[in-house]
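All values reported here derive from a predicted model rather than from experimental measurement.
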Amino acid sequence: MLPLPLAVCKMSALPASRLGWSDRGVLRPGAVADVAVFDPGTVLDRATYDDPWQLSTGVLHTFVGGVAVLRDGAPTGVPAGRVLGRDGRPVT
C-alpha cells in the first residue's frame with residue numbers, strides 16, 4: 001500500500017504534469033478546481049469484475065471545475081466538466 005500523500009499525487013498532480021496540464025492536479029489559486037474530499041478511513045472501491053457498477057464509499061464531496069457534483073455522498077444532478085484532449089483543450 002502507498003502512503004496517502006503519494007497515492008493522491010499519483011492520481012492527480014503526476015498524470016496532469018505528464019500531460020503538460022499545469023492548471024490541473026494541484027490546489028492553488030488559478031488552477032481548475034477538480035477536488036474529491038474523502039475519508040481515508042472509510043473510502044472503498046466496491047466494484048468487482050462481476051458487478052462493476054457499484055459505487056465507491058467514503059467519498060464525501062466532489063467538485064469538477066469548481067462545481068459540486070457530489071455533496072454529502074449524494075450526486076447533485078448538476079452536469080459539470082468536459083472531455084479534454086491530450087493538449088488540455090475541450091474535445092468537440
Just grab all the side chain to side chain donor-acceptor pair (under 3.5 Å) pairs involving [range], residues at least two apart or on different chains.
| range | answer |
| --- | --- |
| residues 27-36 | R24-D34 |
| residues 72-92 | D87-R89 |
| residues 53-69 | R46-Q54, D51-Q54 |

Can you list the other members of the hydrophobic cluster that holds [X], where links are side-chain heavy atoms under 4.5 angstrom apart?
| X | value |
| --- | --- |
| L6 | L2 |
| L4 | V8, F38, V43, V59, L70 |
| V83 | V91 |
| Y49 | none |

What residues form a side chain to side chain contact (heavy atoms under 4.5 Å, CB included) with [X], not counting sequence neighbours?
| X | result |
| --- | --- |
| P79 | none |
| D23 | W21, V32 |
| L27 | V35 |

Between [X] and [Y], what is the shortest heavy-atom contact and its length?
| X | Y | value |
| --- | --- | --- |
| P15 | C9 | CD-O, 3.8 Å |
| A47 | P52 | CB-O, 3.4 Å |
| V69 | V78 | CG1-O, 3.6 Å |

Check for me, please, whether M11 and L14 land in the same ILVMFWY cluster - side-chain distances under 4.5 Å, paths through other members count.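 No, M11 and L14 fall in different hydrophobic clusters.
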
